[in-house]
Amino acid sequence: MQPGAEALTPFAEPLSLGAHSCIAYRRGGKRLRISVIGCGYVGLVTGACLAEIGHHVVCTDNDESKITTLNAGRLPIYEPHLDKIVEQGRRAGRLSFTADVPGAIRSGDTIFICVGTPPTETGDADMSYIDRVARLIGAEARSPKLVIEKSTVPVQTGQQLKRALAVYGRNGGVTFQVASNPEFLREGSAVADFLHPDRIVVGVEDAETEKQLREIYQPLLERRFNCPVHAPSCPAGAAPPFVVTTINSAELIKHASNSFLALKISYANALADLCEKLDADVMEVTRAIGLDPRIGPQFLNGGLGFGGFCLPKDIQAFIRLAERAGMDFALLKEAERINKQRIAVLLEKARKALWVLKEKKVGVLGLAFKPNTDDIRFAPAIELIRQLTAENAQVVAYDPAAMPKAREVFPALRFAKDAYEAAQSADALLIVTEWPEFRALDWKRVHGAMARPLIVDGRNLLDPAAMRGLGFEYHSFGRPG
Ligand code: UGA
C-alpha cells in the first residue's frame with residue numbers, strides 16, 4: 001500500500017487475525033491511519049507494532065536505502081520478532097514503507113515523529129532532525145494532524161514543535177495537535193516491551209488528543225491483540241497504566257527514567273569497586289539489596305557499565321538541560337564519570353594479568369552494547385577495541401549479531417567466525433557483552449585453544465569457582481579472587 005491519497009480507506013470488515021483477533025478501529029467510520037517518520041529502532045518497532053495491533057501504518061525515512069531494504073523484505077536492524085511482524089503487517093496490507101516523506105505526512109491523520117536526537121559536542125540533544133520534520137509537516141499537511149513526539153527530547157520540545165508547525169503551516173485551515181508519547185523500549189526486547197508496556201505515558205493538552213491516544217493504544221490497554229512474542233497465548237497480566245500528563249512532564253519522564261537507570265548501574269559499579277577492595281562479593285550484595293522492593297533487583301549488574309544510544313546520551317542531555325535551567329545535577333555527573341571509567345578498569349585488570357598488552361593476542365567476545373541486538377552505538381566494545389589496538393594488542397573479535405556493523409567501524413580488525421576461533425592461541429579473552437551463548441560455551445575446549453587461559457569477564461557472566469576449576473585465570477568485577 002502506497003501513501004499519497006489524503007482520503008482514508010472506508011472501513012470494510014473486521015480484521016481477521018485468528019482466535020485472538022485484534023479489534024478493528026473506527027474513527028468516524030474510518031480506519032485510523034498513522035504515519036511514522038523515521039525508520040530507526042524506535043520508528044520501525046513502533047510502526048510495525050501499531051500495524052500488528054490493527055492500525056494502518058505508513059513508515060517513511062529520508063534515507064532511501066533503508067526504505068529499499070525494507071521494501072525488499074529485509075530489515076536494516078536486528079531485533080527479535082520484528083521480522084515476523086513486519087512481514088505480517090505487509091502481507092495484511094496494514095504496513096508499508098515509502099521514501100516519499102511528504103506523501104506519508106499527507107496520508108496519516110496521526111504522525112509519530114521517531115527521528116534521531118543524537119548528542120552534539122556539548123552533550124545537548126541535536127534537535128535539527130525534529131525541526132526539519134516539523135517544518136515539513138507544517139508545509140505538507142492538508143488536513144488536521146495529531147503530531148506525536150516519540151523521539152527522546154528535552155523538556156519544552158513540544159512547545160517548540162507547536163510553534164514550528166504553526167509558523168511553517170502553509171495551509172491556513174489546517175490544525176495541529178501536539179502530544180508527547182515517550183517510548184520505553186529496550187533494544188533486544190523492543191517488540192515485547194511495546195506490546196506489554198509497564199506504562200503508557202501520554203503528554204497532552206486537551207481531552208480530544210487524550211482520546212485519540214487512548215484509541216491508538218486500546219488493543220494494548222485491553223490486551224486484545226495477537227502476541228507474536230508469546231504465541232500461542234500471552235501470560236495473564238494486568239492492563240498497563242495509561243498515564244496522562246502535561247507535555248512537559250511526559251518529556252521529563254523519559255529523561256528522568258533513563259537517567260535513573262544509569263544512576264543505578266553506576267551505583268552497582270561503585271559498589272563492585274568497593275567490594276574488590278574489601279574482599280566482599282558484589283553479586284551477593286546486590287542480590288540481597290535488590291530483594292528490597294523499594295530497590296528492586298534489576299540494573300544492579302556490575303561490570304563494564306552502560307552503553308548504547310540511549311542511556312549515555314540521555315544522561316548527558318539531562319545534565320545539560322538541568323544546567324540550562326540553572327541547576328547543577330552533580331549526582332548525574334558522578335554517575336556518568338563512574339561509567340566512563342569502566343573501560344579503564346577492565347583494561348587495568350587485563351594489563352595487570354598480561355603485564356604488557358603489546359603484541360598479545362586478545363579475543364574480544366561481544367561487540368553489541370548488550371545481548372540480542374546488533375547495535376554497537378556507544379558500545380563499550382568499540383572504545384575498548386580502540387584502546388587495545390592503540391596499545392598494539394592483536395585483537396580478534398566475535399559477536400553473534402553485531403559483526404557486520406562493527407566491520408564498518410573497524411575495516412581492518414580481525415573477526416572470528418565463532419567464539420572458539422576468537423579464543424584460538426589467545427593470551428586473553430575479554431567478555432564484553434553477556435550473550436547467553438557465551439555462558440553456554442564449551443569452556444574446556446576454549447581452555448584448550450588458548451595460548452594462555454586468562455579471562456577478564458566484563459559482565460560477571462561466568463562462575464568464578466567453575467572457571468578456576470577448569471584451570472582458567474579468571475578476573476571479573478567486584479568478586480573475590
Ligand atoms: C534503555 C532503557 O532501558 C529503555 O527503557 C529506554 O526506552 C531506552 O533506553 C531508550 O531510551 O530508547 P536500552 O538502551 O535498549 O534501553 O538498553 P538497557 O537494557 O537499558 O541497557 C543499557 C546499557 O546498560 C547496556 O549497555 C547494558 O549492558 C547496561 N547495563 C544494564 C549494565 O551495565 N548493568 C545493568 O545492570 C543493566
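Whatever order the structure lists ligands and atoms in, that order sets their numbers, starting from 1.
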- Heavy-atom nearest option to atom 15 (O) of ligand 1, drawn from E434, K254, E187, Q298: E187
- Task: Report, in ascending order of atom number, the atoms of ligand 1 lying under 4.0 Å from any heavy atom of F184.
- Result: 5 (O), 7 (O)
- Heavy-atom distances under 4.0 Å are what count here, so tell me which part of N258 touches ligand 1: side chain, backbone, both or neither. side chain
- Item | Lys/Arg cation over aromatic F477: K349, 6.0 Å, 45° cone | yes
- Query: Counting both backbone and side chain atoms, is some N or O of G307 under 3.5 Å from an N or O of ligand 1?
  - Reply: yes
- Item | Pair E323 + K333: basic N to acidic O under 4.0 Å | yes
- Message: Out of L311, L261, N301, V432, who is nearest to atom 34 (N) of ligand 1 when you count heavy atoms only?
- Response: N301
- Task: With L300 as reference, evaluate I295, V282, I265 under the side chain to side chain contact (heavy atoms under 4.5 Å, CB included) test and give the passing residue.
- Result: I295
- Over 12 foreign heavy atoms within 6.0 Å of CZ, R407: yes
- Ligand-side contact atoms (ligand 1) for residue partner F306, heavy atom cut-off under 4.0 Å: 23 (C), 24 (O), 26 (O), 29 (C), 33 (O)
- Query: Can you list the atoms of ligand 1 that are under 4.0 Å from a heavy atom of R459?
  - Reply: 28 (O), 33 (O)
- Any N or O on L185 sitting closer than 3.5 Å to an N or O of ligand 1? yes
- Task: Name the option, out of F299, Y41, F369, that contains the heavy atom nearest to atom 35 (C) of ligand 1.
- Result: F299
- Subset of ligand 1 atoms that lie under 4.0 Å from at least one heavy atom of L300: 36 (O)
